[in-house]
Amino acid sequence: MKEIQSCCAVRRKETERKSMQTYDELPAANLDVKFRNKMVQLQGGEFFMGTTEKEGFPADGEGPVRKIELDSFLIDSYCVTNEEFAAFVEDTGYVTEAENFGWSFVFYLFLSPIQLRQTPPVPNTPWWHGVNGAYWKAPEGPGSHIEDRMNHPVVHISWNDANAFCRWAGKRLPTEAEWEYAARGGLERKKYPWGDELTPNGEHYCNIWQGVFPRINTKEDGYAGTAPAQSFPPNGYGLYNTSGNVWEWCSDWFSRSIHDRGGRTNPQGPLNGETRIMRGGSYLCHESYCNRYRVAARTSNTPDSSSGHLGFRCVADVK
């Protein structure tokens, strides 16, 4: 079984982890849903989740294909943006885990020669560097900014950070099943949110890597890094960028075998685990190395890890 994960989910080492802020101090759950106008309501129903196609990653637990039933829910039509996250920080004073650790992972092509010399690459995946001072507001480290990227997805966000934002916004992270149901946009057993062909009529429908990974990105889709959160045509449910752009956190703990034994109605994932689910792929995904921009693809990361290609979107219950 092929199992390639490092390009997708670069993570902090166990020895680097430390106790951050206690999550009893998180913002209290907000009863009023913030940014409600960006959400769409999806009617509950059944869909086929997962895949067993040969281009997938069986070791990730993408299969088997199974029929899942979900209740209705609301979901953000696009990822949480820098502008929205800035409002959260201004209102609460929240400090992200990347800030507390003092560093986060940045893709090497976004770094200056000085930064490349000063920051060690990650063993076995040297395109990732742990950059001191990299966080959501300085995505490439000291001297970088987001002033021209306020409508882009916020990045360098850990699962814990995303969960804190959701509590403040009166929302929650989607379950993995909710995420895939929404990402498929009403299409059944298709590879992508728009169908089975990656570039129909030669048109790009998502922000992923073109060229030779990790050395040459030809940017045929128009972007080297993140694209605005509402880029490219939305899927059939009105959701943007459920393939590519940035990875998105889900609420579930990761398991490769939960689909063989888990429930089929509103599944929540395992009760515990070591890593949390990530979905959707990112601007770094390329078919030659990691084609996890397919709607059934999945990977995971530790809840305290963050990087320049990892963000999130929120859901809310229908009341």
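Computed from a predicted structure; not experimentally measured.
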* Asked: What are the two closest non-hydrogen atoms of Phe232 and Asn241, and how far apart are they?
  -> CD1-OD1, 3.5 Å

* Taking NZ, NE, NH1 and NH2 as the nitrogens, is one of them in Glu53 or Lys190 under 4.0 Å from a carboxylate oxygen of the other? -> no

* Asked: Val155 versus His152: any side-chain heavy-atom pair under 4.5 Å?
  -> no

* Tell me yes or no: between the side chains of Glu83 and Thr81, is some donor less than 3.5 Å from an acceptor? => no

* Does some side-chain heavy atom of Ser251 sit less than 4.5 Å from a side-chain heavy atom of Trp179? -> no

* **Electrostatic pair Arg292-Glu62, nearest N-O below 4.0 angstrom** => no

* Decide whether Thr302 and Asp304 meet the rule of one side-chain donor and one side-chain acceptor closer than 3.5 Å. => yes

* Interatomic distance, Leu70 atom CG to Met49 atom CE [nearest 0.5 angstrom] -> 8.5 Å

* **4.5 Å side-chain heavy-atom contact, Pro126 and Tyr108** => no

* Would you mind reporting whether Thr242 and Pro193 have side-chain heavy atoms less than 4.5 Å apart? => yes

* To do: Nearest 0.5 Å please: distance from the CH2 atom of Trp247 over to the OG atom of Ser300.
  => 9.5 Å

* Please assess Val318 against Gln41 for the test side-chain contact (heavy atoms from CB on, under 4.5 Å), listing each intermediate value before the final yes or no. => CA-CA 8 Å; Val318 175; Gln41 181 170 332; 3.9 Å; yes

* Side-chain contact test, heavy atoms from C-beta onward, threshold under 4.5 Å: evaluate it for Trp136 versus Asn82 and give yes or no. => yes

* **Check: Glu178 and Ile75 side chains under 4.5 Å, non-hydrogen atoms** => no

* Structure fact -> Tightest non-hydrogen contact, residues Cys250 and Trp159, listed as O-NE1, 2.9 Å

* Nearest 0.5 Å please: distance from the CD1 atom of Ile277 over to the OG atom of Ser255. => 8.5 Å

* Asked: Taking it one step at a time, do Phe107 and Trp209 satisfy ring-ring contact (aromatic ring centres under 6.0 Å, His included)?
  -> CA-CA 13 Å; Phe107 187 65; Trp209 187 282; 5.7 Å; yes

* To do: Let me see the working for Thr119 and Asn132 under side-chain contact (heavy atoms from CB on, under 4.5 Å), right down to the final yes or no.
  => CA-CA 8 Å; Thr119 60; Asn132 290 333; 5.8 Å; no

* To do: Check the side chains of Tyr94 and Asp161 for a donor-acceptor pair under 3.5 angstrom, ignoring hydrogens and angles.
  => yes

* Apply side-chain contact (heavy atoms from CB on, under 4.5 Å) to the pair Trp103 and Tyr135, showing each step before the final yes or no. => CA-CA 7 Å; Trp103 64 275; Tyr135 72 112; over 6 Å; no

* **With sequence neighbours excluded, residues passing ring-ring contact (aromatic ring centres under 6.0 Å, His included) with Trp253** => none

* To do: Could you tell me whether the side chain of Asn201 and the main chain of Glu203 form a donor-acceptor pair under 3.5 Å?
  => no

* Asked: Taking atom CG of Asn266 and atom CD of Glu69, what is their separation to the nearest 0.5 Å?
  -> 7.5 Å

* Is it the case that one hydrophobic cluster holds both Phe35 and Ile157, taking links as side-chain heavy atoms less than 4.5 Å apart, direct or via other members? -> yes

* Salt bridge present between Arg279 and Glu180 (N-O < 4.0 angstrom) -> yes

* Asked: Can a salt bridge be assigned to the pair Lys191 and Glu197 using a cut-off of 4.0 Å between side-chain N and carboxylate O?
  -> no

* Asked: Should the pair Glu176-Arg298 be classified as a salt bridge under the 4.0 Å nitrogen-to-oxygen rule?
  -> yes

* Structure fact -> Closest heavy-atom pair, Pro139 versus Ser144, reported as atoms and distance to 0.1 Å, is N-OG, 3.4 Å

* Charged N-O contact under 4.0 Å between Arg172 and Asp317 -> yes

* Structure fact -> From the list Trp128, Tyr293, Trp127, ring pair (Phe, Tyr, Trp, His ring centres under 6.0 Å) partner of His309 resolves to Trp128

* Asked: Would you say the side-chain atoms of Trp168 and Asp91 include a donor-acceptor pair closer than 3.5 Å?
  -> yes

* Side-chain donor-acceptor pair present, Arg189, Thr51, cut-off under 3.5 Å -> no

* Would a hydrophobic clustering, with Ile, Leu, Val, Met, Phe, Trp and Tyr connected at side-chain separations under 4.5 Å, put Tyr181 with Leu74? -> no

* Asked: According to the interplanar angle, ranging from 0 to 90°, do the rings of Tyr283 and Phe110 count as parallel (below 30°), tilted (30 to 60°) or perpendicular (above 60°)?
  -> tilted

* To do: Applying side-chain contact (heavy atoms from CB on, under 4.5 Å) between Ile208 and each of Asn291, Leu284, Leu198, report the one that passes.
  => Leu198

* To do: Taking only Lys NZ, Arg NE, NH1 and NH2, and the carboxylate oxygens of Asp or Glu, determine whether Glu248 and Arg313 approach each other closer than 4.0 Å.
  => yes

* Structure fact -> Minimal heavy-atom distance between Gly185 and Tyr237, with the atoms involved, is CA-CD1, 3.4 Å

* For Tyr78, what residues pass the ring-ring contact (aromatic ring centres under 6.0 Å, His included) criterion, not counting sequence neighbours? -> none

* Asked: Heavy-atom distance under 4.5 Å between the side chains of Asp221 and Gln210, does that happen here?
  -> yes

* **Student check: side-chain heavy atoms of Leu310 and Phe105 closer than 4.5 Å** => no

* To do: Measure the spacing between OG of Ser307 and CE of Met278 and express it to the nearest 0.5 Å.
  => 6.5 Å

* Could you tell me the separation between the OG atom of Ser158 and the CZ atom of Phe312, rounded to the nearest 0.5 Å? => 9.5 Å

* Asked: According to the salt bridge (charged side-chain N to carboxylate O under 4.0 Å, His left out) rule, which pairs have a member within residues 237-247, sequence neighbours left out?
  -> none

* Asked: Just checking, is any N or O donor in the side chain of Ser104 or His156 under 3.5 Å from an acceptor N or O on the other one?
  -> yes

